[in-house]
**Student:** 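After the structure tokens below, expect a handful of questions from me.
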Protein chains: 2
Amino acid sequence: MRIGELARRAGVSTRALRYYEQRGLIRSRRSANGYREYDESDVRIVTEIRGLMSVGFTLDDARPFVDCLRSGHPSGSSCPESVAVYRRKLAEIDDRIRDLLARRSEVAAQFAEACPGCLLPRRGE
Amino acid sequence: MRIGELARRAGVSTRALRYYEQRGLIRSRRSANGYREYDESDVRIVTEIRGLMSVGFTLDDARPFVDCLRSGHPSGSSCPESVAVYRRKLAEIDDRIRDLLARRSEVAAQFAEACPGCLLPRRGE
DNA sequence: CTTGACCTTGTCGTTGGCGTCAAGCTTTAC
DNA sequence: GTAAAGCTTGACGCCAACGACAAGGTCAAG
């Protein structure tokens with residue numbers, strides 16, 4: 001299939017696919033007229049990339065998963081490198097959450113001080 | 001005082017101060033040779049800006065606080081516009097925290113699936 | 001034959017808050 | 001008199017993941 005069909009099937013833009021190629025995440029054969037040609041395994045790879053990005057992974061984060069798929073594994077996460085990325089991302093997310101909670105309480109405190117009569121909204125309201 | 005002293009006293013770079021001026025957050029008089037001249041109120045303003053930025057406010061978020069200070073209030077947060085920003089930022093932080101918690105559980109679930117034997121690290125460990 | 005839907009490469013723009021030169025003033029210290 | 005320190009404006013760089021053109025080649029349908 002050509003880039004337009006891959007884009008539709010994977011739910012991304014053709015621009016994104018060319019960018020992934022430029023970043024080394026996908027490859028393409030070229031047909032005689034210079035058009036990029038893809039197959040089913042590319043649909044799988046791009047789907048994997050988007051799934052990871054939807055939970056906050058960068059393209060570099062996704063690379064080990066792509067490599068894992070390409071090396072024949074049925075799942076992109078069944079390689080030790082992918083598992084390592086999972087651990088790192090979990091730690092990053094946890095750091096970020098801690099940071100936001102600290103900020104939240106600082107802002108809430110300043111808010112309460114600035115507006116003593118104000119009803120302090122609780123988290124989530 | 002000139003820009004270098006203000007920078008030292010407020011703990012920012014001179015580049016940052018010129019940037020704040022360009023963004024309309026601080027103003028400066030010019031002495032005969034073209035150098036920027038500041039006074040104590042500018043130290044206060046820049047300190048306020050940095051305090052807000054340290055908890056995740058953008059320069060635009062800080063603007064009402066600066067205006068509040070400049071209009072004669074002893075605190076930058078004692079104006080209704082500032083209070084409104086507090087509310088909005090609290091909501092933004094809460095949204096972000098909710099988003100991260102959702103991501104965290106998704107990643108944790110995929111991780112557990114990919115690595116069934118792995119000990120799932122709990123949040124914060 | 002021409003329209004229009006594809007495809008190609010290349011380049012600039014986006015967002016925030018500056019860092020980092022560049023090239024040239026002024027002022028201060030010795 | 002000169003060197004160092006401080007000041008000026010201006011402009012590019014950064015980071016991620018593309019979006020949005022531009023200018024052109026390709027191919028099937030009518």
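By convention in this document, chain letters (A, B, ...) are assigned in the order of the sequence lines, proteins followed by strands, and residues within each chain are numbered from 1. Computed from heavy atoms alone, side chains included, the values below leave out hydrogens, waters and symmetry copies.
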**Student:** Quick check: closest heavy atoms across B/Gly51 and B/Ser54, and the distance to 0.1 Å?
**Tutor:** O-OG, 2.7 Å

**Student:** Applying a 4.0 Å non-hydrogen cut-off, can you work out what B/Arg50 is touching in the nucleic acid: base, sugar-phosphate, or nothing?
**Tutor:** sugar-phosphate

**Student:** Measure from CD on A/Glu92 to C1' on D/dA16 and round the result to the nearest Å.
**Tutor:** 14 Å

**Student:** Between D/dT26, D/dA17, C/dG19, which one does the side chain of A/Tyr35 approach most closely?
**Tutor:** D/dT26

**Student:** Which comes earlier along DNA chain C counting from the 5' end, the contact point of B/Asn33 or that of A/Gly4, where each point is its nearest nucleotide?
**Tutor:** A/Gly4

**Student:** From the set D/dA17, C/dC7, C/dT11, return the single nucleotide nearest to any side-chain atom of A/Arg2.
**Tutor:** C/dC7

**Student:** A/Arg36 side chain N/O closer than 4.0 Å to the phosphate oxygens (OP1, OP2) of C/dC7?
**Tutor:** no

**Student:** Please work out if B/Arg18 contacts a base, only the sugar-phosphate, or nothing of the nucleic acid, heavy-atom cut-off 4.0 Å.
**Tutor:** base

**Student:** Is any side-chain heavy atom of B/Val12 closer than 4.5 Å to a side-chain heavy atom of B/Leu17?
**Tutor:** yes

**Student:** More 5' along DNA chain D: B/Ile3 or A/Ser13, using each one's nearest nucleotide?
**Tutor:** B/Ile3

**Student:** Membership question, hydrophobic clusters at under 4.5 Å side-chain separation (ILVMFWY): are B/Tyr20 and B/Tyr35 in the same one?
**Tutor:** no

**Student:** Atom CE of A/Met1 to atom P of C/dC6: distance rounded to whole Å?
**Tutor:** 16 Å

**Student:** Quickly work out the B/Tyr19 OH to C/dT20 P distance and round it to whole Å.
**Tutor:** 16 Å

**Student:** Please walk me through it: do B/Arg44 and B/Glu40 pass salt bridge (charged side-chain N to carboxylate O under 4.0 Å, His left out)?
**Tutor:** CA-CA 6 Å; B/Arg44 177 78 176 87; B/Glu40 292 301 320; over 6 Å; no

**Student:** Please state how far atom CZ in B/Phe57 lies from atom C1' in C/dG16, giving the value in whole angstrom units.
**Tutor:** 16 Å

**Student:** I would like to know whether A/Arg103 and A/Asp99 meet salt bridge (charged side-chain N to carboxylate O under 4.0 Å, His left out); could you show each step before the answer?
**Tutor:** CA-CA 6 Å; A/Arg103 284 178 180 189; A/Asp99 181 44; 3.6 Å; yes

**Student:** Send over the distance from B/Asp60 CG to C/dG17 P, rounded to a whole Å.
**Tutor:** 7 Å

**Student:** Rounded to whole angstroms, how far apart are CG on B/Leu17 and P on C/dG19?
**Tutor:** 10 Å

**Student:** Please check the phosphate of C/dT9 (OP1 and OP2 only) for any side-chain N or O of A/Arg30 closer than 4.0 Å.
**Tutor:** yes

**Student:** Given atom CZ of B/Arg8 and atom P of D/dC7, what is their separation to the nearest angstrom?
**Tutor:** 7 Å

**Student:** Rounded to whole angstroms, how far apart are CZ on A/Arg23 and C1' on D/dA17?
**Tutor:** 8 Å

**Student:** Please tell me which of the listed nucleotides, C/dC18, D/dA20, C/dG17, lies nearest to the side chain of B/Thr58?
**Tutor:** C/dG17

**Student:** Which nucleotide in the set D/dA16, C/dC7, C/dG19 lies at the smallest distance from any side-chain heavy atom of A/Thr14?
**Tutor:** C/dC7

